[in-house]
Amino acid sequence: MSIPHLFHLLLFCATQTLGVRIQSDSVVGSEGVIQIELEGTVSLLCLSDGDSEPDEGLVWLRNGAMVRLMEENKKNVSRVCVTPAIQEDNGATFTCHLSSNASDSDSVTLNVTYPPPIMGSEELVVEEESVLVLQCDILANPQVSSVVWTVNGSTVDLLAGGFTLTDDGVTSQLIANSVDKSLHAASYGCLANSPLYGEFNKTFQVTVTDKVMKFPLMPIIAGVVVVCLTAILAVVSRWRKIRQCCK
Ligand SMILES: *[C@@H]1O[C@H](CO)[C@@H](O)[C@H](O)[C@H]1NC(C)=O
Ligand SMILES: *[C@@H]1O[C@H](CO)[C@@H](O)[C@H](O)[C@H]1NC(C)=O
Ligand SMILES: *[C@@H]1O[C@H](CO)[C@@H](O)[C@H](O)[C@H]1NC(C)=O
Ligand SMILES: *[C@@H]1O[C@H](CO)[C@@H](O)[C@H](O)[C@H]1NC(C)=O
Ligand SMILES: *[C@@H]1O[C@H](CO)[C@@H](O)[C@H](O)[C@H]1NC(C)=O
């Protein structure tokens, strides 16, 4: 064996026998990423390697915060379990190190995948000239690759239908600022495509009713005030006359 080879081998052994390493029953991808489904379970095992002290204490951190461990789960090997995985666990980093030396550590990061919560159908009744808002929640991991809105089965023509579309990665909204029965009474659909989970859709049945005359409250209040003032003035002037004739 050549000298450089031997050197590499020694270096390899050295890095293998120092410190701690994390094992998992899940596949640990490149750069220590573990992919799991929402509500799934991931079990992580931390082993202190080789020539560390007997009964070496181990510490787990989740995003830098200490994880509480049972006393018997701190020596030589330590196991933590994430179950069920929630959306907030996405991107969480679990780090294990010796309690005596924090610079000797190993980490894994969770990639919690979930589909967009798009399903079912909704019925909406809107008044003519009011605002129509159709909303689809599209938050997913990985992000949906496309969101398409349809009206009566064909792709919405934003300009012709007087619609605006907003999409912030969390919700997609199709908005009509002034509802027109001939233009907007229809069956709508929101179709999203997830690169991991496939197609999702939600339908909206929109019924448009005639504009109801709003009770004209302000003119009525104004009228009532005028009538009252007139009555008071009438009484006051009458009172003067009465007092005058009584003198
Ligand atoms: C930890 O390992 C040492 C030797 O490697 C052993 O003597 C000790 O019993 C182990 N402790 C536990 C709690 O397994
Ligand atoms: C902690 O671990 C690092 C990396 O293995 C090592 O260089 C350092 O000497 C250790 N420190 C102590 C106090 O053992
Ligand atoms: C998480 O996993 C999904 C599905 O494999 C992948 O598309 C995405 O890029 C991953 N995200 C990260 C941050 O690794
Ligand atoms: C959608 O279809 C319904 C029922 O066939 C029809 O009454 C309505 O005018 C259509 N709307 C649009 C915008 O095409
Ligand atoms: C919408 O989803 C349902 C199941 O949720 C499916 O049966 C239907 O074919 C889908 N429609 C479209 C247009 O993709």
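Indexing begins at 1, ligand by ligand and atom by atom, following the structure's order.
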Distance flag for atom 5 (O) of ligand 4, protein heavy atom under 4.0 Å:
no
Is it true that Arg62 and Asp89 have a side-chain N and a carboxylate O under 4.0 angstrom from each other?
yes
Mind checking whether Val156 and Leu174 have side chains closer than 4.5 Å, heavy atoms only?
yes
Hey, is Ala185 touching ligand 4 through its side chain, its backbone, both or neither, going by heavy atoms under 4.0 Å?
backbone
Do the side chains of Lys74 and Glu71 get close enough for a salt bridge, i.e. N-O under 4.0 angstrom?
yes
Side chain proximity check, Ser43 to Ser24, heavy atoms < 4.5 angstrom
no
Is atom 1 (C) of ligand 4 in close reach of the protein, with a heavy atom under 4.0 Å away?
yes
Should we say atom CD of Gln205 is surrounded by more than 12 heavy atoms from elsewhere, each under 6.0 Å from it?
yes
Within a distance under 4.0 Å of any heavy atom of Pro142, pick out the atoms of ligand 3 and give their elements.
7 (O)
Identify the closest protein heavy atom to atom 10 (C) of ligand 5: which residue and atom is it, and at what distance?
Asn201 ND2, 2.3 Å
Answer yes or no: does an N/O atom from Thr113 fall short of 3.5 Å to an N/O atom of ligand 3?
no
Applying side chain to side chain contact (heavy atoms under 4.5 Å, CB included), run through Val170 and Ile138 and close with a yes or a no.
CA-CA 5 Å; Val170 179; Ile138 55 170; 5.7 Å; no
Close-contact set for ligand 3 against Gln35 heavy atoms, below 4.0 Å
2 (O), 4 (C), 5 (O)
Atom 3 (C) of ligand 4 has as its nearest protein heavy atom Asn152 ND2, 3.6 Å
Measure from the side-chain N and O atoms of Asn152 to the backbone N and O of Ala186, and report whether any donor-acceptor pair falls under 3.5 Å.
no
Report, in ascending order of atom number, the atoms of ligand 4 lying under 4.0 Å from any heavy atom of Leu183.
13 (C)
Mark up the atoms of ligand 4 that fall under 4.0 Å of a heavy atom belonging to Ala186, in ascending order.
1 (C), 11 (N)
Side chain His184, main chain Gly161, donor-acceptor under 3.5 Å:
yes
Closest candidate by heavy atom, reference atom 13 (C) of ligand 3, pool Asn141, Asn111, Val112:
Asn111
